[in-house]
Amino acid sequence: MITRRPAAERGVSSLGWLDSRHTFSFGEYHDPEHMGFRSLRVINDDRVLGGAGFGRHPHRDMEIFSYVLAGQLTHEDSLGTSATTGAGEVQKMSAGTGILHSEFNPSPTEPVRFLQVWIVPERRGLRPSYEQRAFDDADKRGRLKLIGSRDGKLGSIVFHQDVAIYASILGEGEAIEHLTAAGRSAWLQVARGAVVVNGQRLDEGDGAAIEGEAAITIRGASESEVLLFDLA
C-alpha cells in the first residue's frame, strides 16, 4: 500500500527570510493525522534567504540531519563545531542529552534549500555528536546510495536507530528497485522533479508511506532526486 502525502497539503511557515514546508506536524503547525511515520518524525523543506538563519536554540534526544539541495548551510554548536555544508552534502547531529546549535546561510545573496529531517533515536540520553559527509551526485545517479544507517556501513553516516537512508538521482525513464524486508516499511520523499512509485506518480515535495510492498520500483518521470527511508 502506498499512501501519498501531497506537497500542497503540507504545513507552511513563511517568515520572510524563511519559507518552510512541513510534511509532519512541526512548531505551530499541528495535524494529528500527520505526526510522523515509524521513527521518522520531521521532514521540513526549508528555503532560507542569504545572510539569514536559525539562531542558537536547544535540542535533545533526537537525530537531526540536513540534506542540502542548493546553496550552503553553516552549522555551529555547543560542542565547538563550526562547519559549512554544500549541495550534495549531509550534516547530522545527535542531540542526545542536550545540545545548542544554530544554522544559517553564509552567503549574503544566494538562498539555500535543504531538507531537515528528524529521526527519533532508539534510546534517550545519548552523548551529543556531529557528523558531516559529502556524497557525489555520480554515486547517486541511477542507483540508491546509502547515506545513513545504524552501523555506518559503506561510508554512511551513523544513526542511533534501525534505519537505512538512501538518496538517488534519476533521469526521465530511469528506474531503480528497493526490496523491503518483512516487517519493515518505507517512506519516499521527492526532493526534486517527479517519479512514479509502483505505478503511482509523486511530484516534487510529495512524500509517500509505503507499507506491505516487498519491492519498491522508483522510475523518474523527469530529472529527479529522492530520499528513501527504510524503517523498522
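If you read the sequence from its start, that first residue is 1, and numbering goes on from there.
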*asked:* Which label fits Phe159 and Phe65: parallel for a plane angle under 30°, tilted from 30 to 60°, or perpendicular past 60°?
replied: perpendicular

*Please state whether the rings of Phe26 and His22 are parallel, tilted or perpendicular, taking 30° and 60° as the class boundaries.*
tilted

_Test: ring pair (Phe, Tyr, Trp, His ring centres under 6.0 Å). Region: residues 121-145. Which pairs qualify, not counting sequence neighbours?_
His75-Tyr130

Side chains of [X] and [Y] only: does a donor on one sit below 3.5 Å from an acceptor on the other?
| X | Y | value |
| --- | --- | --- |
| Asn105 | Ser107 | no |
| Glu63 | Ser94 | yes |
| Ser20 | Asp46 | yes |
| Ser185 | Arg38 | yes |

*How would you list, by chain and number, every residue that makes a salt bridge (Lys or Arg N to Asp or Glu O under 4.0 Å) with Glu122, sequence neighbours excluded?*
Arg150

*Qualifying residues under salt bridge (Lys or Arg N to Asp or Glu O under 4.0 Å), relative to Glu225, sequence neighbours excluded*: Lys140, Arg192

*Kindly say whether Phe24 contributes a backbone atom to a donor-acceptor pair with the side chain of Asp31 at under 3.5 angstrom?*
no

*Ser168 side chain to Arg143 main-chain N or O, any donor-acceptor pair under 3.5 Å?*
yes

*Would you say Arg141 has more than 12 foreign heavy atoms packed within less than 6.0 Å of its CZ?*
yes

_Looking at Glu177, I'd like to know if its CD atom is crowded, meaning that more than 12 non-hydrogen atoms belonging to other residues, nucleotides or ligands lie closer than 6.0 Å._
yes

Residue pair [X] / [Y]: nearest heavy atoms and the distance that separates them:
| X | Y | result |
| --- | --- | --- |
| Ala232 | Arg184 | N-NH2, 3.5 Å |
| Leu79 | Asp77 | N-OD1, 2.8 Å |
| Ala209 | Phe37 | CB-CE1, 3.6 Å |
| Asp139 | Lys145 | O-CB, 3.6 Å |
| Gln132 | Ala83 | OE1-CB, 3.1 Å |

*State whether Arg201 and Asp206 are salt-bridged, where the test is any N-O pair (Lys NZ or Arg NE/NH1/NH2 against Asp/Glu carboxylate O) under 4.0 Å.*
no

